[in-house]
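Below is one structure, written out as structure tokens, with a few remarks after it.
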Amino acid sequence: MNDLVVEMRQITKAFPGVVALDNVDFDCLRGEVHAVVGENGAGKSTLMKILSGVYEPDSGEIRLEGKTVRISSPYVAQQLGISIIYQELNLLPDLNVAENVFLGREPRNYFGFLDVRSLEKQAQGVLRRLGLDIDPRTPLRRLTVAQQQMVEIARALSLNSKIVIMDEPSASLGGQDLERLFEVIAALKKQGVTVIYISHRLAEIFEVADRVTVFKDGKVVHTSPICEIDRPTLVRLMIGRAFSETFPPRGKDFGEVVLSVRNLTSGNVLQDVSLELRRGEIVGVAGLTGSGRTELARCIFGARKIDSGVIQINGRVAQIKSPRDALKYNIGFLTEDRNEEGLVLGLSVRHNAALPSLHQRQRWGIVDLAAEYRTVQSKARDLNIRTPSLNQNVEFLSGGNRQKVVLAKWLITNPDLLIFDEPTRGIDVGAKSEIWYLMRDLAQQGKAILMISSELPEIIGMSDRIIVFHRGRVVGELAGADATEEKVMMLATYGE
């Protein structure tokens, strides 16, 4: 019991229309990696926000190293040695690495001016503790997402944190970057730091965690050493039923070509890219981070400038210079960052779902609100969006339901082409299956779907064809039925 660092007892927290936490007990030991899992909306992130000072509980007690504490703000949490690293990185891209690590705590000289030499030296020391070979003078925007995440961890370490909460830290990582994250977590353990690890990637849980706690419907339903539970049991506890990570059957008898890309070039990130996509077909786009997959999607949607090449939609050359133009060609784009680019978090489900199609229901600049409600209600029913009402702000929905709201807003526009960039990132296992079957159902309705994913099982399981990128070029194509993870990775690491 002397190793007990965190004790949270009888924690309760309610929001309008929902009890997020119902008398929850949770504890952590010094130097352990404690995984926290559950479906979106199960309460795990709410508990972590209480521990990190974002929310205060309605009732309950928190003890740190045996002492009762009140964590009234993130600043108080930092002073108590608690840091949280969110999936959406909280860094300033125009500052360098050292400035981000010590933001708000920069060393000053005798005259009160910034001591740049001391700042860089201290930052270098923190980076070395994590085994990171990053120049502290490097502007943050020049780093990869994986490196930026390491800077977030370095900042937490610079605060002398005893507890580091990682919320979906691997969502944007894969391959060597993921291994590097695990190495950093192992280094933190050796230094006696407690890591609370939230992830929907269950394979990682079994690789990195010492213990696991399962949340469901705002309650803790299980806690045990990871060695005492298997994956099927863990999933059954999370979603309340047996679950098999199977994919819907692949499509057949595809229709005419909806999207044709010929010799597309954009800056130095896309070079001479050609591909085509037929009605009823799901084409997966695979490749390592930075290979040009997302840039391709943004070019097709008019969110990135094209230097040369031709895009044809339904056999006609398309002049797409902005997302507004893409709408005219019946294209929908579900971006990889649904919170920043796909939704307006301060607006309701109804307003978000209605945004791209407002012109369909307005006359003389006045929106027919009754028609808007009927349209959104119908689509919410079709997609099984779980929300207390259509007037609920989307920020209070789970990740899976937010993704369905993004999908609803594009389906209301009746698109011919749908681009999914990381369709199930940050979504729990039960909601993933729903999204997969929705995508296949849309393809069977005649939609053409271009899917970008970093998860190889998803790419292989969902794709009718797979196009593999490497350094901005298409380096291979595989039939979905013939693809394996080894074949995809061989192409994705082409020439390396």
Side-chain angles (χ1 to χ4, degrees), residues 40-41 88 258-259 282 294 297-298 300-303 313 320 322-363 365-427 431-432 434-443 445-452:
N40 286 116
E88 294 82 19
V258 172
L259 170 69
I282 298 178
T294 294
R298 298 180 76 86
I300 294 170
F301 194 66
I313 303 294
I320 305 175
S322 70
R324 186 184 296 271
D325 292 335
L327 282 173
K328 296 175 183 176
Y329 288 98
N330 296 326
I331 302 173
F333 181 23
L334 289 83
T335 64
E336 61 179 330
D337 190 341
R338 57 180 169 268
N339 293 333
E340 290 294 324
E341 299 178 329
L343 296 167
V344 182
L345 295 182
L347 295 184
S348 67
V349 171
R350 176 167 66 90
H351 287 138
N352 270 279
L355 272 176
S357 57
L358 280 176
H359 63 282
Q360 297 176 2
R361 296 175 300 278
Q362 66 179 7
R363 187 175 183 183
I366 299 174
V367 176
D368 185 338
L369 296 180
E372 176 179 279
Y373 188 89
R374 288 193 301 272
T375 300
V376 175
Q377 185 181 51
S378 174
K379 200 57 65 179
R381 190 183 302 115
D382 292 345
L383 297 178
N384 191 28
I385 298 174
R386 298 181 184 90
T387 176
S389 81
L390 297 183
N391 293 320
Q392 174 82 303
N393 276 17
V394 292
E395 63 185 304
F396 296 120
L397 300 186
S398 67
N401 283 301
R402 289 186 191 186
Q403 185 74 320
K404 290 180 185 178
V405 174
V406 179
L407 180 55
K409 81 174 186 178
W410 292 119
L411 291 182
I412 290 171
T413 69
N414 193 29
D416 292 320
L417 168 63
L418 278 167
I419 304 170
F420 287 80
D421 194 354
E422 303 291 358
T424 60
R425 172 174 289 171
I427 294 176
K432 277 186 178 184
E434 280 192 84
I435 296 294
W436 292 335
Y437 276 85
L438 281 171
M439 290 172 66
R440 181 53 69 184
D441 185 54
L442 291 169
Q445 294 173 30
K447 309 296 184 187
I449 295 178
L450 191 69
M451 181 189 73
I452 300 164

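Positions are given from 1 along the sequence.
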Q) Does any N or O in the side chain of Lys328 come within less than 3.5 Å of the main-chain N or O of Ile320, such that one atom is a donor and the other an acceptor? A) no
(Q) Give me the atom names and distance for the closest heavy-atom approach of Gly302 to Pro323. (A) O-CD, 3.5 Å
**Q.** Salt-bridge criterion met for Arg338 and Glu422 (N-O under 4.0 Å)
**A.** no
Q. Between Arg402 and Val394, is there a donor-acceptor pair closer than 3.5 Å when you use the side chain of the first and the backbone of the second?
A. yes
(Q) So, applying side chain to side chain contact (heavy atoms under 4.5 Å, CB included) with Lys379, which one of Leu383, Val376, Thr375 is it? (A) Leu383
Q.
Rounded to the nearest 0.5 Å, what separates atom CG in Leu438 from atom CG in Asp382?
A. 9.5 Å
Q: For Asn401 and Ile385, indicate whether the former's side chain and the latter's backbone hold a donor-acceptor pair under 3.5 Å.
A: no
Q: Just do the ring pair (Phe, Tyr, Trp, His ring centres under 6.0 Å) check on Trp410 and Phe301 with the steps written out, would you?
A: CA-CA 13 Å; Trp410 292 119; Phe301 194 66; 5.6 Å; yes
Q) If you look at every heavy atom in Ala297 and Ile452, which pair is closest and at what distance? A) CB-CD1, 3.7 Å
Q: Run the numbers on Ile435 and Lys404 for side-chain contact (heavy atoms from CB on, under 4.5 Å), then give the verdict.
A: CA-CA 8 Å; Ile435 296 294; Lys404 290 180 185 178; 4.2 Å; yes
Q. Given Asn384 and Glu434, is the side-chain contact (heavy atoms from CB on, under 4.5 Å) satisfied, shown in steps?
A. CA-CA 9 Å; Asn384 191 28; Glu434 280 192 84; 3.4 Å; yes
**Q.** Residue pair Gly342 / Lys409: nearest heavy atoms and the distance that separates them
**A.** O-NZ, 2.7 Å
Q. To the nearest 0.5 Å, how far apart are CE in Met439 and CD1 in Ile282?
A. 5.0 Å
Q. Applying the side chain to side chain contact (heavy atoms under 4.5 Å, CB included) test to Ile419, which of Leu334, Thr335, Ile300, Ile449 qualifies?
A. Ile300
Q.
Nearest 0.5 angstrom please: Leu418 CG to Leu450 CG, how far?
A. 10.5 Å
(Q) Side chains of Lys447 and Asn330 only: does a donor on one sit below 3.5 Å from an acceptor on the other? (A) no
Q | Check: Gln403 side chain, Thr424 main-chain N or O, donor-acceptor pair, under 3.5 Å | A | no
Q.
Go through it in stages, so that I can follow the logic: the residues are Glu372 and Leu369, the test is side-chain contact (heavy atoms from CB on, under 4.5 Å), and I'd like the CA-CA distance, side-chain angles, deciding distance and then a yes or no.
A. CA-CA 5 Å; Glu372 176 179 279; Leu369 296 180; 4.2 Å; yes
Q.
Please determine whether a side-chain nitrogen of the Lys or Arg among Glu336 and Arg298 lies less than 4.0 Å from a carboxylate oxygen of the Asp or Glu.
A. no
Q: Could you pull out the closest heavy-atom pair between Ile331 and Pro415, with the gap in Å?
A: C-CB, 4.4 Å
Q: Output the distance between atom CG (Leu343) and atom NE2 (His351), rounded to the nearest 0.5 Å.
A: 14.0 Å
Q. Between Asn352 and Ser348, is there a donor-acceptor pair closer than 3.5 Å when you use the side chain of the first and the backbone of the second?
A. yes
Q: Dump the intermediate steps for side-chain contact (heavy atoms from CB on, under 4.5 Å) on Thr387 and Leu397, then the final yes or no.
A: CA-CA 7 Å; Thr387 176; Leu397 300 186; 3.8 Å; yes
(Q) Just by distance, no angles: are the side chains of Thr294 and Asp421 close enough, under 3.5 Å, to form a donor-acceptor pair? (A) yes
(Q) Once rounded to the nearest 0.5 Å, what's the spacing between atom CZ of Phe333 and atom CG of Leu417? (A) 10.5 Å
